[in-house]
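As structure tokens, the structure follows; a few thoughts come after it.
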Amino acid sequence: CMSLENSPVACQKGLMKMSVTALVAILGIARATPQADVCKSATEFPWCDTTKSAETRAGLVVAALTSDEKASLLTNTAASVPRINWPAYNWWSEALHGVARDGVATSFPQICGVAASYNKTLWHAIGDVTSTEGRGKNNNVQGSMYHALTFWAPNVNIFRDPRWGRGEETPGEDPTMNGDYAEQFVTGMQGDGSSGFLKVSACLKHYAAYNEETGRNSFAAVVTDQDMTDTYLPAFEAGVTRGNASGMMCSYNAETWGEGIYGPGTADQHGAIPSCANKGILNDLARAKWGFNGYITSDCGAVGNVQNQHMYTDTPNKTVTAVLSAGMDTDCGGFMNSKAMLPLMSQGNISSLVDTALKNLFTVQFRLGFGTPDDKVPWAQYGSEVVNTPAHQQLALEAAQQSLVLLKNEGAGKLPWKATGKIAVIGRNAQATTNMQGNYFGTAPYLISPADGIGKYVNNNTEVLDGSDIDSAVAAAQSADAIVLVVGLFSEGDKPADEAEGHDRTSLLYPGNQNDLINAVAKAANGKPITVITMGGGPIDVTLIKNNSAIASLIWCGYPGQSGGTAIADAIFGTTNSFGKLSLTWYPEEFANQVSIFDMGMRPNATSGNPGRTYRFYTGTPVYKFGDGLSYTTFETSIKASKTVSLQTVQAERSMLRKDTSVVATVSTNVRNTGDRSGDEVVQIFASAPNAGFDGVPLKSMVAYERFHIEANLSIEHTFEIQSHHFTYADAAGRLTTSPGMWRVWAGVNGESNAVNVLLD
């Protein structure tokens, strides 16, 4: 059952549900959650009638509230309303890669690694397990922080700049991939909707053009219409239109795109409008065009930033009016606390805006099962028995195994190794535990370090050093039969944090003495096998490893979660061959000197010196490319594509939501495992326009991808369906346009020389 197509959750869901139900029946347990206790009978209050829609019930509640009560409900720490049995509720819970900051929960790899699997089924399964554990831990809503059913994940911002401290939280640099991740994770979290309830509520963040930490509270993102349309917005569109996300978070920064009720921002802000006051991206785009149905929270403290950092407003009255008019519903922070809000409630415009916000909030709560008997809500009986199950542990291991990327493997000492001899395990991450969780993590049930994972294979015949003393590391390398260097970055779980919330990097090189350590150990090894494992989220300039013939192998492991050490050892010794591919461009160090992290431009700019960002626009030579990744076996992929695509259809559908565009072409692939062992292969389909690379047209774009497991000497066939919007790109005005003529389509990041032609006519 546990395959790429079937998650452990799917295998055990029926058993898990049956065991909980049976336990309740056998023990005669009759418990009601606080949210069910809102309505002790169907007639207690008008909104207790469960035959009414969630929206109707929410409207009835809001109509019954006093001004004092309303004023207490507009921050994340919403007060209880005892008069109507409504419990206190804190809207802020975290679940980026497992339930976070809420006690023991399964700890999956950080999202940068999960994305490298290119496995949509896995992404959905992780969302499913996370929401199961979220229900199990938080069904008994008490109003405390991180103990709710509204989880502020996923982060689907574009990893625009390799120095960004929170890039590790995102799937990567590709808008299509980030949108797919948003859809799969959100639907895994929220359920398929068939029950009429949300399993939990997922929240798309940080909307919209947010991707740097330095100065984030006052940062004005100067963005072009072109970049907003084809880079910063698509993942959010997918999360809303395909994932049906019930939550969104407006970001700290401001954008020079959109509209606010008080017009453009200040001159110092280049006219940028704070995201939480940006009606253009909230009500106009997300709600009116995309059809968003849910609540919008500010990032924590962002409402105060509207007035005090961005200077968009100059009074609390104007600030509250600006954000509520824009479409924000709740303030994570204290700016809109009850003391501040109550004097404003008598103003007709604000009172009406508050009612709209509260209706959005109460609607989501009703969709979560508030005011509905627990036996009518499929997950309301979940408790601790659904947390940290063997099936969830297995999924965390599989996720870690699939998140590894083999970047180099050559020479006599290449992987996989036999589990014999003494191994020196050296480096700042050799004994990593908490650091394997990246940031926004919970209390893992266990954390298996790389050294521990390797030790289990060789009966603990290891010497483990942190690499701080290079002389000791050299001696260890000389006395060992093989060396594993576990180097990289620190995040929130270790100090000093190289990349984390509030902290961007300034260099793409390894911090500290790590380059010197790598060179010294490689020289001292004298021909012994050396493998480098690099841990971290952001790209690193690993040119010295790539070009050093003494180093046979290089694996990137992201932040691999609770089973990271096991997954790394399984790969080193050949138990698995489940590698993924990079979802990021790995730039050389010179990139950090060519363009400022504050430059939001995606496209190359000769005036500023920006060489372009991401595989779609970067004009330099990367250290490793988006889509790079090796295997212990070899694969050959051949493709056939539709000869022609209807130009009329592509042009007619340019203004449609991407989810609604037609399939206009197919790409048929034959993928053959030409090696002597089974393995996983990720097939990526790229396309480029006739005028690729000119006037802002992308060099290429990934239009489809899939992950396959293929046995040795066997092949699989798969047909990809390509929609009309994949044959478009954004023009300077931000409108989707296209180029008639010969488009080129190919498989694999290195397959452009074998591209086939598709005529758009």
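Atom set for the values below is all heavy atoms of this structure, side chains included, hydrogens, waters and symmetry mates excluded. Residues take their numbers from the sequence shown, with the count starting at 1.
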Taking atom types as modelled, find out whether His206 and Asn157 have a side-chain donor-acceptor pair closer than 3.5 angstrom. yes
When you check the gap from the basic side-chain N to the acidic O, do Lys289 and Glu237 get nearer than 4.0 Å? no
Side-chain donor or acceptor of Asp599 paired with backbone N/O of Ser596 under 3.5 Å: no
Do the rings of Phe159 and Trp164 sit parallel, tilted or perpendicular, given the 30° and 60° boundaries? perpendicular
Would you name the heavy atoms of Thr256 and Gln269 that are closest together and state the gap between them? CG2-O, 4.5 Å
Any side-chain heavy atom of Glu212 within less than 4.5 Å of one from Asp161? no
Quick one: does any side-chain atom of Asn278 pair with a main-chain N or O of Trp257 as donor and acceptor, under 3.5 Å? yes
Search all heavy atoms of Leu282 against all heavy atoms of Ala326 and return the closest pair with its distance. CB-O, 3.1 Å
Starting from the C-alpha separation in whole Å, work towards a yes-or-no answer on side chain to side chain contact (heavy atoms under 4.5 Å, CB included) for Ser131 and Gln190. CA-CA 7 Å; Ser131 61; Gln190 297 189 165; over 6 Å; no
I need the Ile158 CD1 to Met177 CE distance, nearest 0.5 Å. 10.5 Å
Determine, step by step, whether Gln365 and Val38 satisfy the side chain to side chain contact (heavy atoms under 4.5 Å, CB included) criterion, reporting the C-alpha distance in whole Å, the side-chain angles of both residues, the deciding distance to 0.1 Å, and the verdict. CA-CA 11 Å; Gln365 289 183 312; Val38 163; over 6 Å; no
Heavy-atom side-chain proximity of Leu736 to Thr229 below 4.5 angstrom: yes
State whether a side-chain donor-acceptor pair under 3.5 Å links Tyr146 with Arg101. yes
Between Leu149 and Leu198, is there a side-chain heavy-atom distance shorter than 4.5 Å? no
Of the options Thr224, Asn211, Asp227, which is the one that meets Met600 in a side-chain contact (heavy atoms from CB on, under 4.5 Å)? Asn211
Donor-acceptor contact below 3.5 Å, side chain Glu69 vs main chain Thr66: yes
Output for pair (Glu94 CD, Met145 CE), nearest 0.5 Å, gives 9.5 Å
Could you tell me whether a side-chain N or O of Lys199 sits under 3.5 Å from a main-chain N or O of Gly134, the two making a donor and an acceptor? no
Say whether, by atom type as modelled, one donor and one acceptor occur between the side chain of His147 and the main chain of Trp92 under 3.5 angstrom. no
Heavy-atom donor-acceptor pair, His97 side chain to Asn439 backbone, under 3.5 Å: yes
Check: Ala380 main-chain N/O paired with Asn139 side-chain donor or acceptor under 3.5 Å: yes
Just one of Asn308, Thr313, Asp331 clears the side chain to side chain donor-acceptor pair (under 3.5 Å) bar with Thr319, so which one? Thr313
Do Glu501 and Arg216 have side chains that get closer than 4.5 Å, going by heavy atoms? yes
Look at the side chain of Ser352 and the backbone N and O of Gly348, then say whether any donor-acceptor pair between them is shorter than 3.5 Å. no
Is there a side-chain contact between Thr75 and Met341 in this structure, where contact means two heavy atoms from C-beta onward sitting under 4.5 Å apart? no
Without hydrogens or angle criteria, can the side chains of Ser251 and Asn253 be said to hold a donor-acceptor pair below 3.5 Å? yes
Heavy-atom pair of closest approach, residues Glu255 and Ser275: OE2-OG, 2.7 Å
Flag side-chain contact, heavy atom, 4.5 Å: His725 against Glu653: no
Find out whether Val240 and Tyr207 are in side-chain contact, i.e. whether some heavy atom of one side chain is under 4.5 Å from a heavy atom of the other. no
Spell out, as yes or no, whether a donor-acceptor pair under 3.5 Å connects the side chain of Gln437 to the backbone of Gly442. yes
Among side-chain atoms of Thr33 and Asp374, is any donor-acceptor pair under 3.5 angstrom? yes
Separation between CZ of Arg287 and CG of Asn293, rounded to the nearest 0.5 Å: 8.5 Å
Measure the spacing between CZ of Arg367 and OG of Ser53 and express it to the nearest 0.5 Å. 11.0 Å
Taking 4.0 angstrom as the limit, do Lys279 and Asp284 come out as a salt bridge? yes
Parallel, tilted or perpendicular: which one describes the rings of Phe45 and Trp47, with boundaries at 30° and 60°? parallel
Looking just at side-chain N and O atoms, do Gln347 and Asn317 make a donor-acceptor pair shorter than 3.5 Å? yes
Separation of Asp37 CG from Asn85 CG (nearest 0.5 Å): 7.5 Å
Would you say that more than 12 heavy atoms from the other residues, nucleotides or ligands in this model lie under 6.0 Å from the NZ of Lys318, or not? no
Looking at Tyr440, does the NZ or CZ of Lys205 lie under 6.0 angstrom from its six-membered ring centre and within 45 degrees of the ring axis? yes
Least distance between heavy atoms, Ile273 atom then Gly260 atom: CD1-N, 3.4 Å
Picking from Trp86, Phe362, Phe197, what satisfies ring-ring contact (aromatic ring centres under 6.0 Å, His included) with Phe370? Trp86
How long is the straight-line distance from CD1 of Ile111 back to CG of Leu96, given to the nearest 0.5 Å? 5.0 Å
Do the side chain of Trp123 and the main chain of Val114 share a donor and acceptor less than 3.5 angstrom apart? yes
Check Ala115 against Pro171 and note the closest heavy-atom contact, atom names and distance. CB-O, 3.1 Å
CA sep, side-chain torsions, deciding dist, call: Leu285, Leu233, side chain to side chain contact (heavy atoms under 4.5 Å, CB included): CA-CA 10 Å; Leu285 183 59; Leu233 293 174; 3.8 Å; yes
Flag the pair Asp180 and Arg242 as a salt bridge only when some basic side-chain nitrogen lies within less than 4.0 angstrom of an acidic carboxylate oxygen. yes
Is there a side-chain contact between Tyr210 and Phe219 (heavy atoms, below 4.5 Å)? no
Which of Tyr295, Trp152, Phe151 passes ring-ring contact (aromatic ring centres under 6.0 Å, His included) with Trp91? It is Tyr295
Test log, rule side chain to side chain contact (heavy atoms under 4.5 Å, CB included), inputs Leu65 and Ile84: CA-CA 9 Å; Leu65 295 174; Ile84 61 171; 4.0 Å; yes
Under-4.0 Å salt bridge between Lys70 and Asp355: yes
Which atom pair, heavy atoms only, marks the closest approach of Met328 to Thr297? CG-C, 4.2 Å
